[in-house]
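Read the structure below first, then the notes.
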Amino acid sequence: QVQLVESGGGLVQAGGSLRLSCAASGDTGCIFAMGWYRQAPGEEREMVAAITSGGGTNYLDSVKGRFTIARDNAKNTVYLQMNSLKPEDTAVYYCNTVPYQPNWGQGTLVIVSS
């Protein structure tokens with residue numbers, strides 16, 4: 001299994017930026033793709049962005065052009081740069097493999113105020 005620790009969340013005003021980090025440990029050698037997911041209060045968890053080991057990326061339509069996912073394979077770390085944040089981006093953000101494994105991290109809370 002892979003252990004995941006997210007960080008970098010916080011409170012930001014609309015239009016602001018945050019950079020999330022996710023450190024992976026454990027059985028990381030088998031990971032092909034990593035993703036950032038989010039869950040807003042009362043909503044289903046959704047995948048926001050994904051990146052393959054080769055650097056291919058995919059984004060949720062609502063974040064395209066605003067969010068950028070990146071990974072440092074040597075550090076087993078995945079990042080999510082979030083710009084032009086909107087109140088509807090408020091959620092707990094998680095990273096996980098794609099497809100996701102059952103072992104989720106604690107997530108990091110992002111609150112965007114209007």
Provide the closest heavy-atom pair for G107 versus V92 in the form atom of the first, atom of the second, distance. CA-CG1, 3.9 Å
Can you pull the salt bridge (Lys or Arg N to Asp or Glu O under 4.0 Å) pairs that have at least one residue in residues 39-59, sequence neighbours excluded? R38-E46
Those residues that, when tested against V110, pass side-chain contact (heavy atoms from CB on, under 4.5 Å) (two or more places apart): L18, L20, M82, Y93, V112
I69-Y79 co-clustered via ILVMFWY side chain contacts under 4.5 Å: no
Residue list, side-chain contact (heavy atoms from CB on, under 4.5 Å) with N103, at least two apart or on another chain: Q1, Q3, Q101
Could you give the distance from SG (C95) to CD (E6), rounded to the nearest 0.5 Å? 4.0 Å
When clusters are formed by joining ILVMFWY residues with side-chain heavy atoms under 4.5 Å apart, either directly or through shared neighbours, do V78 and V63 land in the same one? yes
Are V98 and V2 grouped together when hydrophobic residues (ILVMFWY) are joined by side-chain heavy atoms under 4.5 angstrom apart? no
Take V12 and I111 through the side chain to side chain contact (heavy atoms under 4.5 Å, CB included) test and state the conclusion after the steps. CA-CA 6 Å; V12 64; I111 300 174; over 6 Å; no
Residue pairs meeting side-chain hydrogen bond (donor to acceptor under 3.5 Å, both in side chains), one or both in residues 64-75, sequence neighbours left out, come to D61-K64, R66-D89, R71-N73
What are the two closest heavy atoms between S17 and N83, and how far apart are they? OG-OD1, 2.9 Å
Applying salt bridge (Lys or Arg N to Asp or Glu O under 4.0 Å), which residue pairs with at least one partner in residues 100-114 are found, sequence neighbours left out? none
Enumerate the ring-ring contact (aromatic ring centres under 6.0 Å, His included) contacts for residues 11-70, please, sequence neighbours excluded, ordered by first and then second residue. Y37-W104
Heavy-atom closest pair, residues C22 and L4: SG-CD2, 3.9 Å
Between M34 and N96, does the side chain to side chain contact (heavy atoms under 4.5 Å, CB included) criterion hold? Intermediate values first, please. CA-CA 6 Å; M34 289 291 296; N96 207 328; 5.8 Å; no
Heavy-atom pair of closest approach, residues S114 and A14: CA-CB, 4.4 Å
